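The next block holds one structure in the form of structure tokens; read it before the comments.
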Amino acid sequence: MQQSALEMRNQTLIDRGNVHVATTYGRTPIALVRGEGMRVWDADGKMYYDFLAGLGVNNLGHCHPKVVEAIRQQAGTLLHVSNLYHIQPQIELADMLAALSFADRSFFCNSGTESCEAAIKLARKYSHDHFGAGRYEVITFENSFHGRTMGSLSATAQYKYHKGFEPLLDGFQYAPFDDLQALERMITPKTCAIMVEPVQGEGGVNVPSPGYLKGLRQLCDARQLLLIYDEVQCGIGRTGTLFAYEHEGVPPDIMTLAKSLAGGVPIGALLAREEVAKSFVPGTHAATFGGNPLATAAGVAALKAIQEDGMLENCQRVGAYFMRRLKDLQQRYAFIKEVRGRGLMLGIQLDFPGGQLVNDCLERGFLVNCTMDTVLRFLPPLVVTESEVDLLVATLDELFAKV
Ligand SMILES: Cc1ncc(COP(=O)(O)O)c(C=O)c1O
């Protein structure tokens, strides 16, 4: 008889996984089998406080009851139908996104990279429709991350992800982040769009200077370029507002979402204002599973829960507290070069690689992550409390004291 995952132990699952699962990930040697709110459990029954939230997917916490209930109901009603037909929860989610953002229309897909692919295609198509062929280049930024499929990978300005997959796609230029003058010098008659993460995630939790998005908007307007925000990681409440661009009040023409949009169910979305969205006419872009009833019903429930359950307020309050506590640590440890971030998207810049600290945190029951080798990154669910932050900070303090 097959053992259920709950009956198996970590090592059994690790050994089995090592046989047939693809070797694309450097995995931590535990198997997570259950989650609730801020907490997850491994197959040996050990509990962890999840300060990573599935890399920014579980913004509502694990198994949010309203999302679980919506999935249950939808699963028993209609799991999938083709986009050849109208889909009720998809319509509802698009309505909600239009009411909550700058956008008039949403195209749904299944992941962040797909949403960025769609954004690149829409920018090219719009430019082709309005300015003719030959104007197709997208400028992205150093240390950006837009995904792993060939278009998004080519948009990602980090060589370590490109290595071995060259040649990349034509049509991307990389500018320094947070430097409007350098960007302006790179715009050519071939440029059609500028694509930016309002807060860079994988690139090390980098928040641009105040006024940067406004500067990008002005530049795009002056040069008739489209402004694309990639809010796959910083969107859906992560920075304390539903969308990170709201901090500066500067809307884009196109925006990408994914990760936590459906509370843990795979989804991606491309949002655009009407004039731009119109360039996607029937037949120009598609995804079989995109906007599927299950994913969009979860999305509707997740977006409602974020608003009804006061998660944005909690994110702002606990995020500010967390930042203060990390800055206190910075006062005491000279190897902390910077504490940065916004809301509950926070990073500690160390002056040495942080991998060992991630392992030490794991051992003590905390899931955290390190990006760019030296940035400890924290992306907890938006329901995290001050006392849970205190527990992590006390553990970091103890570990830092031993460095
Ligand atoms: C800003 C940003 N864009 C795109 C992606 C790609 O998303 P996915 O892994 O769902 O394809 C990520 C993933 O981390 C991301 O952080």
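Note that ligands are numbered from 1 as they come in the structure, with each ligand's atoms numbered from 1 the same way. If you're wondering where the values come from, they're calculated on a predicted model, not measured in any experiment. FYI, the numbering just counts along the sequence from 1.
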Checklist entry - Taking Thr113 for the side chain and Thr149 for the main chain, is one N or O donor matched with an acceptor at less than 3.5 Å? => result yes
Item to check | Main-chain N/O of Val205 paired to Arg340 side chain as donor or acceptor, under 3.5 Å | outcome: yes
Residues 180-193 side chain polar contacts: donor-acceptor under 3.5 Å, at least two apart:
{"residue": "Thr188", "atom": "OG1", "partner": "Lys190", "partner atom": "N", "Å": "3.0"}
{"residue": "Thr191", "atom": "OG1", "partner": "Thr188", "partner atom": "N", "Å": "2.9"}
{"residue": "Thr191", "atom": "OG1", "partner": "Thr188", "partner atom": "O", "Å": "3.1"}

Item to check | Residues Glu386, Arg317: salt bridge by 4.0 Å N-O rule | outcome: yes
May I have every N or O pair linking ligand 1 to the protein at under 3.5 Å, one per line with atom names and distance?
{"residue": "ligand 1", "atom": "3 (N)", "partner": "Phe145", "partner atom": "O", "Å": "3.3"}
{"residue": "ligand 1", "atom": "3 (N)", "partner": "Asp230", "partner atom": "OD1", "Å": "3.3"}
{"residue": "ligand 1", "atom": "3 (N)", "partner": "Asp230", "partner atom": "OD2", "Å": "2.7"}
{"residue": "ligand 1", "atom": "10 (O)", "partner": "Gly112", "partner atom": "N", "Å": "2.8"}
{"residue": "ligand 1", "atom": "11 (O)", "partner": "Gly112", "partner atom": "N", "Å": "3.4"}
{"residue": "ligand 1", "atom": "11 (O)", "partner": "Thr113", "partner atom": "N", "Å": "2.8"}
{"residue": "ligand 1", "atom": "14 (O)", "partner": "Lys259", "partner atom": "NZ", "Å": "3.1"}
{"residue": "ligand 1", "atom": "16 (O)", "partner": "Gln233", "partner atom": "NE2", "Å": "2.9"}

Checklist entry - Mind checking whether Phe289 and His80 have ring centres under 6.0 Å apart? => result yes
Next on the checklist: Is it true that Asn83 and Gln90 share a donor-acceptor pair across their side chains at a distance under 3.5 Å?
Outcome noted: yes
